[in-house]
Protein chains: 2
Amino acid sequence: MSGPIGFQCQNHSVCMSTMLAQAQDHCTALGLRLTPVRRRTLEILLAEHRALGAYDVLKHLAAEGLGTQPPVAYRALDFLVKAGFAHKIEALNAYTACVHPGQDHAPAFLICRNCQSVAEADTAPAKGRLGDAARAAGFVIERTVVEATGLCPDCVGEAA
Amino acid sequence: MSGPIGFQCQNHSVCMSTMLAQAQDHCTALGLRLTPVRRRTLEILLAEHRALGAYDVLKHLAAEGLGTQPPVAYRALDFLVKAGFAHKIEALNAYTACVHPGQDHAPAFLICRNCQSVAEADTAPAKGRLGDAARAAGFVIERTVVEATGLCPDCVGEAA
DNA sequence: TTCGTATTGATATGTTATAACATCCGGTCT
DNA sequence: AGACCGGATGTTATAACATATCAATACGAA
């Protein structure tokens, strides 16, 4: 669906339906329920290659009569994150669809500060020097957040 | 204030006064002003080896008559972050004193989910695989956030 | 002193996130 | 069918985090 690390995907509607199907299969396999709100929330995230705030998602949902109150969006987003279909971008307090759901992975993000696009790389930070430092200290890592902010290829070009 | 790697400092009052002196020198050298609110805010952060929310800081400041409104705390924290004396922990929406101010560095944090202590490591993530991936994609990294959540040595022990 | 800028004071508001509790819906056990 | 149970939703309220704006003041440079 995309280049080396996820900026640009050539065929977005294919990418979306593939992801949705994968999510559906995964839920079926694990006995999870991809309810209308959850499914639509995932579609909303997939429709953009960027991070959306919970209230942005809520606006979309509200426009379609799927719920008007914050918990609606947060519950759906929490479900998607727990199920591995989406990630929270801490630096933005926003959410983005996962580009390879199902797999247990430690994602790293490249976030464009100009166009808000988000690319998901898959480096394993806990394996590098940070992991060494943690082990040396006796610290047990459970979760890592790796987020790089900067300019994506398109926006670097524009700036020139 | 305990255990290895940046968790500990054996002598906290020395550590605090050292840091404060460094901050003062750095400000003097650069023509920045370490005003009472800013200085006190730094002291408050240094007094704990953990991250404090802006409103936690504000409570301390308010108790000492240094300001009661949110902007007071946010301005002081922004100043400290910009000057390199503190960092924002994105995963917690909270702030912590920098353990080696002045130096330009790309910090990485180990955050205990049990006791909220924070250790600052100094790995350079943009130099590793993430940096390679970014370069390959044409993405220009300007800032990185690396935060690992888990259990610190003390709390790993307690859990057992 | 005068000017310009950084800082502070103060009010209001915007944004993100969760607590708490009622209700509904789908499955299962008897 | 009826009783029950658990997950999902609906709804209200509020907690927690953050900034815009504008007036007043302090500070250093010219």
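The figures that follow rest on heavy atoms only: side chains count, while hydrogens, waters and symmetry mates do not. This structure is a prediction, so every number in the text was calculated from the model and none was measured. Lettering follows sequence order; numbering is per chain, from 1.
- C/dT8 atom C1' lies 12 Å from atom CD of B/Q69, rounded to whole Å.
- Residue order along DNA chain C, read from the 5' end via each residue's closest nucleotide, puts B/R33 first among B/Y55 and B/R33.
- Screening residues 60-79 of chain A for side-chain hydrogen bond (donor to acceptor under 3.5 Å, both in side chains), with sequence neighbours left out, gives A/R40-A/E64.
- Protein atom CG of A/L77 is 13 Å distant from nucleotide atom P of D/dT9, rounded to whole Å.
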Test salt bridge (charged side-chain N to carboxylate O under 4.0 Å, His left out) on B/R129 and B/D132 and set out the steps. CA-CA 5 Å; B/R129 295 209 284 161; B/D132 296 340; over 6 Å; no
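- The side chain of B/K88 contributes an N or O atom lying less than 4.0 Å from OP1 or OP2 of D/dA18.
- Put simply, the side chain of B/Y74 and the base of D/dA20 share no donor and acceptor less than 3.5 Å apart.
- In the hydrophobic clustering of this structure, B/M19 groups with B/V81; members are Ile, Leu, Val, Met, Phe, Trp, Tyr whose side-chain heavy atoms approach within less than 4.5 Å, directly or through other members.
- The CG-P distance, from A/L34 to D/dG7, rounds to 18 Å in whole Å.
- C/dT7 atom C1' lies 13 Å from atom CG of B/L32, rounded to whole Å.
- Within the structure, a side-chain polar atom (N or O) of A/T35 is placed less than 4.0 Å from OP1 or OP2 of D/dT9.
- Counting to the nearest Å, the C1' atom of D/dA15 and the CG atom of B/D56 are 13 Å from each other.
- Rounded to an integer number of Å, the gap from A/L92 CG to D/dA18 C1' is 15 Å.
- One can place CG of A/L66 at 14 Å from C1' of D/dA8, the figure rounded to the nearest angstrom.
- Sequence order on DNA chain D of the closest nucleotides to A/P70 and B/A94 puts A/P70 first from the 5' end.
- Residue B/E90 contributes atom CD, which lies 20 Å from atom P of D/dA16 at whole-angstrom precision.
- One hydrophobic cluster holds both A/Y95 and A/L58 under the rule that ILVMFWY side chains link at heavy-atom gaps under 4.5 Å.
- No side-chain heavy atom of B/T149 sits under 4.5 Å from any side-chain heavy atom of A/I141.
- Dashed line: the shortest gap from a side-chain N or O of B/N93 to OP1 or OP2 of D/dA18 is under 4.0 Å.
- Checking the phosphate oxygens (OP1, OP2) of D/dA18, a side-chain nitrogen or oxygen of B/Y95 falls inside 4.0 Å.
- One can find a donor-acceptor pair under 3.5 Å joining the base of C/dG9 and the side-chain atoms of B/R75.
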